[in-house]
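Scroll down for the structure; my scribbles are underneath it.
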Amino acid sequence: MKLHRLSLFIPAIAAAISAQAAPKAPLMGWSSWNAFFVDISDSLIMRQTDLLGELGLADAGYRQVNIDDGFFGHRDSTGRMQPHPVRFPNGMKHVVDYIHSKGYKAGTYSDAGHNTCGSMWNNDTIGINAGMYEHEDIDAATAFGDWNFDFIKIDYCGAECDGLVEQEQYTKIRQALDRVRPGIALNICRWRFPGTWAEDIAESWRISQDIMNDWESIKSIVDLNAPLSAYCRNGHYNDMDMLTIGLRENTSLTGDGLDHTEESAQFGMWCIMSSPLLIGCDLEKIPASSLEILKNPELIAVNQDPLALQAYPAVREADGSGVFVKDIVRRNGLTRAVALYNPTDTAKSMVLRFRDIDLGGKVKVRDLSNRRDMGVFKDKFTAEIPAHGAIVYAVDGTRRLEPSVYEAEWGYLQMFDNIGRNNVKYTYDASSSGCMKVEFLGASPENYIEWTNVYSEKGGRYSLNIKATPECPLQIRVNGSLHEADSAADKLKISLEPGFNTIRIGHDTSVIPAIDFISLVKQ
Ligand code: GLA
């Protein structure tokens, strides 16, 4: 009876899903770099591929194998790249075919400039002139036409030395890839948020320097990603780098490794922040407890959630601890994923106030990290979060409340990059709300901050308060209509539509030194 009913629903669900653009969730797989650096070979890659299946990781969703730096041989007389003669004696296609035969995707690697990172940092001199610069078309044809890879990560060591301009060079590479096979997945590895242009070119972009095998590194990556939720959207993700879970026995990467609490925190934060999940350890030596963390289906579901949202910091303390939250299942619905994050060196009793995450009424709390129900609570939920810990929960409220505050660190900055091409930036400031503000907006029509998710249940008149440096003039656009203010102290009366609204603040000619947040009061 049940089965019969379900079968009636399935075509309806399938039709509803195919009517929308198919969600493209963050990549899940394994990558060779963290455990092996350039010391890779065909047999090693094939063995790790087998282990994805044998350990149940493929069934959990890890279905891509990325061959990072180290496979390059030499360019032949036509300029075509040949694989490393000792590490890959049977060629790259042989390995790619093997990965494909298991039903997985295969990823390759290059540099946007002349030389690879391995040639500069790992004495892999064979990587000199192995990068894509001035070989864009032939390398795209080799990797995707001849070798049949599905994905490419493109690094920047050589390009930095060559003094290339990121947007120009990555665009050139994107075009070369598209000439071979449109839509090949590309990761920009520029070690910092490269700029909003990246969304047109890549499926993910690294936001940090290389991950190290210690807690300090995890903490700094979470900090860098905390203000970047507005740049994450379906098919385009902030890449927090390859996971270090399971590397405990491994000494190649700097650091003493993570303990169980830290590994669980890393996985929780990578999942709730919708980072690609690339396992970086030697699967032959993975500890059982690390494997269990990586296979947690409830956290994986948070990472792969079809809304493709990245959690934003709802609350942030000066010691770095805080509450990160995102909608799952349905936008503005009653279910949200929440992380209580404690990067400090001492355990903390942390309070989740449901008002801070826009939920009202009775709230059901499930601990997804440890897979247990915590009960039903009113107003708040308190948990002891260990030092270097993060616990991710699913919370189900009975009412969704209208938010009244939008922090600057949740906003989208059209001209933001973290590589110093533009001045506008998110700045840590203990005296600002959420310990963060945005500096140096304005002075150009493009240099604005925008919130596209300003929610009003019924629509109507609101008073808009802007916490900014008061002396500067502001131009505010509410769903496109312009309001001018002489200073942030002017309390503007605005109209919101029912549902989601867009508020944009900038100034075409004057600089806005700093914005902390905006707040709305219904009239
Ligand atoms: C850079 C990247 C790493 C890795 C190495 C390879 O450091 O950031 O992820 O790909 O190069 O040399």
Side-chain angles (χ1 to χ4, degrees), residues 26-27 29-41 44-45 48 64-73 81 83-84 87-88 92 106-133 139 143 149 151-162 164 166 169-170 173 185-194 198 202-214 217-218 220-221 224-225 237-247 250 252-255 266 270 275-282 418-419:
L27 168 63
W30 177 89
S31 170
S32 56
W33 182 254
N34 280 356
F36 301 106
F37 284 16
V38 294
D39 296 324
I40 52 175
S41 68
L44 182 150
I45 298 291
Q48 299 289 321
Q64 177 156 322
V65 175
N66 280 359
I67 303 173
D68 207 284
D69 206 349
F71 66 86
F72 300 100
M81 178 55 63
H84 194 289
R87 299 173 190 159
F88 292 86
M92 301 313 290
T108 184
Y109 167 91
S110 192
D111 195 284
H114 278 121
N115 301 333
T116 63
C117 292
S119 73
M120 296 164 71
W121 300 102
N122 301 81
N123 294 323
D124 204 37
T125 46
I126 210 156
I128 291 171
N129 201 26
M132 286 185 88
Y133 189 45
D139 284 1
F149 277 103
F151 162 100
I152 187 163
K153 163 179 167 182
I154 301 181
D155 225 324
Y156 210 71
C157 293
E160 194 169 41
C161 286
D162 294 330
L164 304 183
E166 290 82 354
Q169 181 56 10
Y170 280 107
I173 292 172
L186 161 63
N187 172 273
I188 294 177
C189 184
R190 174 62 182 94
W191 327 299
R192 294 196 170 271
F193 181 78
E203 302 207 338
S204 58
W205 41 81
R206 282 272 299 279
I207 53 129
S208 59
Q209 297 285 349
D210 288 9
I211 197 163
M212 294 292 140
N213 200 11
D214 57 30
S217 178
I218 306 296
S220 72
I221 293 172
L224 281 167
N225 207 17
Y237 298 99
N238 293 304
D239 176 1
M240 299 167 81
D241 205 355
M242 297 159 285
L243 294 157
T244 46
I245 295 166
L247 269 179
N250 193 293
S252 52
L253 210 61
T254 310
Q266 181 185 37
W270 263 234
S275 173
L277 298 177
L278 279 171
I279 301 170
C281 69
D282 178 355
N418 221 354
I419 52 182

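Atoms within a ligand are numbered from 1 in the order they appear, just like the ligands themselves. Only a predicted model underlies this, so the values are computations on that prediction, with no experimental measurement involved. If you read the sequence from its start, that first residue is 1, and numbering goes on from there.
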Notebook entry, point to check: Hey, is Tyr109 one of the residues with a heavy atom under 4.0 angstrom from ligand 1?
Noted result: yes
Next item on the list: Over 60° means perpendicular and under 30° means parallel, so classify the ring planes of Phe149 and Phe71, tilted if in between.
Entry: tilted
Next item on the list: Might you point out which heavy atoms bring Asp239 and Asp241 nearest each other, and give the distance in Å?
Entry: OD1-N, 2.7 Å
Check: Identify the closest protein heavy atom to atom 2 (C) of ligand 1: which residue and atom is it, and at what distance?
Finding: Asp155 OD2, 3.1 Å
Margin query: Check this for me: does any side-chain nitrogen of one of Asp124 and Arg87 sit under 4.0 Å from a carboxylate oxygen of the other?
Written below: yes
Note to self: Does only the side chain of Cys157 get under 4.0 Å from ligand 1, or the backbone, or both, or neither? Count heavy atoms.
What the structure shows: neither
Next item on the list: Examine the side chains of Asn66 and Trp33 and answer whether a donor and an acceptor come within less than 3.5 Å of each other.
Entry: no
Item checked: ligand 1 atoms in contact with Gly118 (distance to a heavy atom under 4.0 Å) -> 12 (O)
Margin query: For atom 12 (O) of ligand 1, what's the nearest protein heavy-atom neighbour? Residue, atom name and distance, please.
Written below: Asp69 OD2, 2.8 Å
Check: ligand 1 and Trp33, any nitrogen or oxygen pair closer than 3.5 angstrom?
Finding: no
Notebook entry, point to check: Using a distance-only test with no angle check, is there a side-chain donor-acceptor pair under 3.5 angstrom linking Asn187 and Ser204?
Noted result: yes
Next item on the list: Run down the list Val38, Asp124, Asn34, Asp210 and name the one with the heavy atom closest to atom 3 (C) of ligand 1.
Entry: Asp210
Next item on the list: For atom 4 (C) of ligand 1, find the nearest protein heavy atom and state the residue, atom name and distance (0.1 Å precision).
Entry: Asp68 OD1, 3.5 Å
Next item on the list: Please find out if less than 6.0 Å separates the ring center of Phe151 from that of Tyr109.
Entry: no
Notebook entry, point to check: Would you call the rings of Trp30 and Phe36 parallel, tilted or perpendicular, where under 30° means parallel and over 60° means perpendicular?
Noted result: tilted
Notebook entry, point to check: For ligand 1, does Trp191 get within less than 4.0 Å through its side chain, its backbone, both, or neither, judged by non-hydrogen atoms?
Noted result: side chain
Checklist line | Any Lys153 heavy atom less than 4.0 Å from ligand 1 | finding: yes
Checklist line | Where ligand 1 meets Cys189 - atom numbers and elements under 4.0 angstrom, heavy-atom basis | finding: 2 (C), 8 (O)
Checklist line | Shortest non-hydrogen separation from Thr116 to Ala130 and the atoms involved | finding: CG2-CB, 4.0 Å
Next item on the list: Please work out whether any backbone atom (N, CA, C, O) or any side-chain heavy atom from C-beta onward of Met242 is under 4.0 Å from ligand 1, and answer side chain, backbone, both or neither.
Entry: side chain
Checklist line | Criterion side chain to side chain donor-acceptor pair (under 3.5 Å) on Gln48 and Ser32, from CA distance to verdict | finding: CA-CA 9 Å; Gln48 299 289 321; Ser32 56; over 6 Å; no
Notebook entry, point to check: Polar-atom distance check: Arg206 versus ligand 1, any N or O pair below 3.5 Å?
Noted result: yes
